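Everything on this sheet refers to the single structure shown next.
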Amino acid sequence: MWTRRSRWVRRLVSRVQEEIRDRWRRFEALWRRSMQLRVVVSTLALSLAVVIVLGMVLQWQITSQLLSSKEDGAITQVDTSLPILERELTAVDPNADPESVREQLTAALNRLTTSSSGQSTTETVAGAFTPVLVDGLAPVERNEQPSAGPVDDVPEDLRLFAERGQLATKIKTVPRDSGQVTMLIVGTPVASATRSLQLYMMFPLSAEQETLRVVQQTLLISGAVLLVLLGLITNLVTRQIVRPVRQAAQIAEQLAEGDLDKRMRVIGEDDVARLAESFNEMADSLKQQITQLEEFGQLQRRFTSDVSHELRTPLTTVRMAADVLHASREQFPPGLSRSTELLVDELDRFELLLGDLLEISRLDAGVADLSAEQVDLVELVERSVEALRPIADEGGVELRVIVPACGAAELGIVADARRVERIMRNLVANAIDHAEGGPVEIRFGSNEQAVAVTVRDYGVGLRAGEAELVFTRFWRADPSRNRRTGGTGLGLSISQEDARLHGGALDAWGEPGEGSCFRVTLPRRPGAEFDGSPLPLPGTRRIAAPEALLAASVERPQDAESAGGVHDRGPARLSEDSWEDE
């Protein structure tokens, strides 16, 4: 039972601590984000310190004034009472017994209180009092000395001062039937004809304590009201300053999102108004520059499109003439025959460049559309590979299409077949150019949301930072490299735009000497969302070298759990059971 209860207590304490930490984290986040909160809290904290110090000073001054007035009134009352006592004490017999002396002292005190009660308010400025009369120099024990009144309430040190003939005061709390009462006690010697006596007059401080209590309550209420008013005023003033800043931040976010017509309200002629005017001028300048850049970009796209279209007519004429010459090249001398072949090759390259420029123009203009249909991704990739196999054979590059064990059933998507095939042709052609005679592997992956294809080569690779530059138009990692496919420098850029047009992505990875890998990820349907790519890039999981893959295919051809199929140079396609997975 005790163990169960202790576990419950620990869980409760843990939940409370977690709740406190969570609230503290939320407060820290709000404190960092809100300048208004920081200003208001800081002002209230400083104001609270000022109010506390000011309240303590005021209370100390009021207390000092009250006690000083009370003491002055008490001493005045003592001076008024001394002549009365001296007249009453002339008949005291020093040789009488202590009981008789005590009765005479009591009678003198009664006469004193009766005389004081008949005085006016101005005369009894110290208020009510309790007198004590004692013969402190009597040669008897301290507790047997003749006295009248509550002599036990008088402090011993005060009695010593009075017995030495000095006027002294002291504050002491004494017990009464109603409770503890704080008294101001004044002690003074009383001259008489027979003996030296001491008079002690005890003045209650109840009225002064009540006054101090009222003063303290007034100070607390006034301080609380003052802090609330200061908080409201600070919040109002800070809000007037923070509101334009928040408005500027909100409008800046809207400008960043493309709404260039948003402006700040200009009210008055103060610093905030000048800030709003400067912000609006900056927004106008940005809008003008962005508009100019858009117009310039549209002019460039229109120029590219117009030039591309205009070049098609002379290109067609030149193509016809070149085809005629190429058909009759066997009748020409060797030098002229070779020139005819070069002319046809360059015309092919020029025609491909024009086609890419026109496609780029359509993509930039936003008029490119998708002809979506059901596509067998494996068949489409194989068709692209077969179209580029002669070029790969010429460079000694082996093309491997590695199909997952599930086959093509899980790799069907709805997409634009022409654009997807163009992506694969560009990626495979780029891999052939940089494979350095090594193999090029095409792998597939899929999940419920998307499919992916990676094209991996083991050639020169990419240096640091070049994975983001490969999709830049006309960018080449090594301009001096001889290209086998006759590319235009626009293929990867067009491929990335085609992938984005489907709602997918095209990524690149590379390391110097380890080759490069391009991954295209496409959703099951154009525009559909997906969480991530089904295939990782080599930067997140190490891919086996081609020698290891070949060794695995020879030594463990029966391993069907982690294998991949290879599309060799022939038309046959092997399953993943023949190849070790990455």
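For the numbers below, each heavy atom of this structure counts, side chains included, while hydrogens, waters and symmetry mates do not. Given the structure is predicted, the values throughout are model-derived calculations rather than measurements.
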* Under 3.5 Å donor-acceptor, T76 side chain and D72 backbone -> yes
* To do: Go through the structure and list residues passing side-chain contact (heavy atoms from CB on, under 4.5 Å) with V266, not counting sequence neighbours.
  => A273, A276, E277, N280
* Shortest non-hydrogen contact from G503 toward F530 -> O-CE2, 3.4 Å
* **Min side-chain heavy-atom separation Q449-E529 under 4.5 Å** => no
* Answer yes or no: is there a side-chain heavy-atom contact under 4.5 Å between T63 and L212? => yes
* Asked: Is there a side-chain contact between V132 and S147 (heavy atoms, below 4.5 Å)?
  -> no
* Asked: Has M56 got more than 12 heavy atoms of other residues, nucleotides or ligands less than 6.0 Å from its CE?
  -> no
* Asked: Checking R263 side chain against I251 main chain: does a donor-acceptor pair fall under 3.5 Å?
  -> no
* Asked: Taking NZ, NE, NH1 and NH2 as the nitrogens, is one of them in E19 or R23 under 4.0 Å from a carboxylate oxygen of the other?
  -> yes
* Asked: Would you say the side-chain atoms of N110 pair up with the backbone N or O of T106, donor to acceptor, closer than 3.5 Å?
  -> yes
* Where do P512 and R463 come nearest, in terms of heavy atoms and distance? -> CG-CA, 4.0 Å
* Asked: If you look only at pairs with a residue in residues 222-234, which of them pass as a side-chain hydrogen bond (donor to acceptor under 3.5 Å, both in side chains), with sequence neighbours excluded?
  -> none
* Asked: Any side-chain heavy atom of L85 within less than 4.5 Å of one from L197?
  -> no
* Asked: Hey, is the main chain of W31 close enough, under 3.5 Å, to the side chain of R38 for a donor-acceptor pair?
  -> yes
* Asked: When you measure from the side chain of Q247 to the backbone N and O of M264, does any donor-acceptor pair fall under 3.5 Å?
  -> no
* To do: Give every residue pair that meets the side-chain hydrogen bond (donor to acceptor under 3.5 Å, both in side chains) criterion with at least one member in residues 179-188, sequence neighbours excluded.
  => T173-T182, T182-Q209
* Asked: Counting distance only, does the side-chain N/O of S285 pair as donor-acceptor with the main-chain N or O of E281 below 3.5 Å?
  -> no
* To do: May I have all residue pairs that pass salt bridge (Lys or Arg N to Asp or Glu O under 4.0 Å) and include part of residues 240-262, sequence neighbours excluded?
  => D261-K287
* Pair E18 + R15, salt bridge at N-O below 4.0 Å -> no
* Would you find a donor on one side and an acceptor on the other, under 3.5 Å apart, between the side chain of H502 and the backbone of D416? -> yes
Result block: side-chain N/O donor-acceptor pairs under 3.5 angstrom for residues 149-162, not counting sequence neighbours:
{"from": "D153", "atom 1": "OD2", "to": "R176", "atom 2": "NH1", "distance (Å)": "2.8"}
{"from": "D153", "atom 1": "OD2", "to": "R176", "atom 2": "NH2", "distance (Å)": "3.3"}
{"from": "E156", "atom 1": "OE2", "to": "R142", "atom 2": "NE", "distance (Å)": "3.1"}
{"from": "E156", "atom 1": "OE2", "to": "R142", "atom 2": "NH2", "distance (Å)": "2.9"}
{"from": "D157", "atom 1": "OD1", "to": "K170", "atom 2": "NZ", "distance (Å)": "3.3"}
{"from": "D157", "atom 1": "OD2", "to": "K170", "atom 2": "NZ", "distance (Å)": "2.7"}
{"from": "R159", "atom 1": "NH2", "to": "Q145", "atom 2": "OE1", "distance (Å)": "3.0"}

* To do: Quick one: which residue pairs count as a salt bridge (Lys or Arg N to Asp or Glu O under 4.0 Å) with a foot in residues 211-236, not counting sequence neighbours?
  => E210-R213
* **Donor-acceptor contact present, side-chain S68 to main-chain S64, <3.5 Å** => no
